[in-house]
Amino acid sequence: MKKLMTTTVMAVSLSTLTLAGCTSTTNTGAVGVNRQQLLLVSSEQVLQLSAESYANTLKEAKSKGVLDKNTAQLNRLKIIANRLIGQVGTYRTDAAAWDWEVHTIQSDELNAFVVPGGKIMFYSGIIDRLNLTDDEIAAIMGHEMSHALREHSRERLSREYATQTSIGVAASIFGLSQGQAELAGTAGNLGLSLPHSRTQESEADQIGLELMARAGYNPQAAVSLWQKMQKASEGEPPQFLSTHPSSSSRISQLQALMPKVTPLYQQARR
């Protein structure tokens, strides 16, 4: 296992150095997100794929009669979105000009997402079941917008491409059997992909916290949000096997960032 993991990591590193350099898609902001990102896939490719997926989601929801059913709820989300969109220039100047949209799907599901390019979707269940305040909605929306700003989908696709290419190279060079190659893939997933996804989630928490504070939403609501989410969850997988930080880890990180974002919130309120 150790040999296979070493082989995978070495091959990934080789692919990374050979195919592309690393860069960052956003400015650091007040919270200091400055990690270099591996980007082998173009923004245009990701935007095209995302637009197709989002259009299919809208079409399906409309056909089922569950798209934008609650006008008051939709307008509430649009007001919050407009305030947050006004702050995205802190992290990237081009994002304010994205073709932002807001839609809702009537469903009990606890879910929300922002598609690359600025397409915001909220499921009614996450608002109704958790009885969210505007500040808590801003915490979710800011978090999901941050994934789009950081182009995390593009980064995940790039890492997946690098990992799969590397395993193929390793299997060829070292004569790995199919079973050994599959084991190497599992090792790469546990050692590279999942921790990387948790890093992305933490970044989205940090950037989202700053966006909501700059927009005049109380950043403490991010803590109360995740306390509600933790209570609503029937159970969490072990953190090392999850693409998300545990709720307790997430809450601790958010609380540690309060001294950086609270002055931004106070300034916005003035």
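What you see is a predicted model, and the numbers here were worked out from it, not measured in a lab.
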To check you understand the geometry: which heavy-atom pair defines the closest contact between [X] and [Y], and what is its length?
{"X": "Ala148", "Y": "Pro116", "value": "CB-CA, 4.3 Å"}
{"X": "Leu254", "Y": "Trp226", "value": "CD1-CD1, 3.7 Å"}
{"X": "Ser158", "Y": "Val41", "value": "OG-N, 3.1 Å"}
{"X": "Ala30", "Y": "Lys260", "value": "O-CD, 3.8 Å"}
{"X": "Tyr54", "Y": "Val115", "value": "CD1-CG2, 3.5 Å"}
{"X": "Ala138", "Y": "Leu84", "value": "O-CD1, 3.9 Å"}

With sequence neighbours excluded, what pairs up with Gln48 under the side-chain contact (heavy atoms from CB on, under 4.5 Å) test?
Glu52
List for me each residue that meets side-chain contact (heavy atoms from CB on, under 4.5 Å) alongside Lys78, sequence neighbours excluded, and say none if there are none.
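Per chain and number, Lys78 pairs via side-chain contact (heavy atoms from CB on, under 4.5 Å) with Leu74, Asn75, Val102.
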Scan side-chain atoms only and decide if [X] and [Y] contain a donor-acceptor pair under the 3.5 Å cut-off.
{"X": "Thr104", "Y": "Gln73", "answer": "no"}
{"X": "Arg129", "Y": "Ser124", "answer": "no"}
{"X": "Ser42", "Y": "Gln45", "answer": "yes"}
{"X": "His152", "Y": "Gln37", "answer": "no"}
{"X": "Arg150", "Y": "Gln200", "answer": "no"}
{"X": "Arg154", "Y": "Ser43", "answer": "yes"}
{"X": "His147", "Y": "Glu201", "answer": "yes"}

Pairwise side-chain contact, [X] with [Y], heavy-atom cut-off 4.5 Å (strictly under):
{"X": "Phe122", "Y": "Ile140", "value": "yes"}
{"X": "Val114", "Y": "Lys119", "value": "no"}
{"X": "His143", "Y": "Leu209", "value": "no"}
{"X": "Leu47", "Y": "Glu44", "value": "no"}
{"X": "Glu136", "Y": "Leu130", "value": "no"}

Quick one: does any side-chain atom of Ser146 pair with a main-chain N or O of Gly208 as donor and acceptor, under 3.5 Å?
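At least one qualifying donor-acceptor pair exists.
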More than 12 heavy atoms of other groups within 6.0 Å of Gln267 CD
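Count not over threshold, so no.
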Cluster check Trp98, Met141: I/L/V/M/F/W/Y, side chain < 4.5 angstrom:
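Yes, one cluster joins them.
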Show me the side-chain donor-acceptor pairs of residues 89-96 shorter than 3.5 Å, one per line, residues at least two apart or across chains.
residue : atom : partner : partner atom : Å
Thr90   : OG1  : Gln87   : O            : 3.1
Tyr91   : OH   : Glu210  : OE1          : 2.5
Arg92   : NE   : Asp94   : OD1          : 2.9
Arg92   : NH1  : Leu149  : O            : 2.8
Arg92   : NH1  : Glu151  : OE2          : 3.1
Arg92   : NH2  : Asp94   : OD2          : 3.1

If you measure from NE2 on His103 to CG on Leu58, what distance do you get to the nearest 0.5 Å?
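It comes to 5.0 Å.
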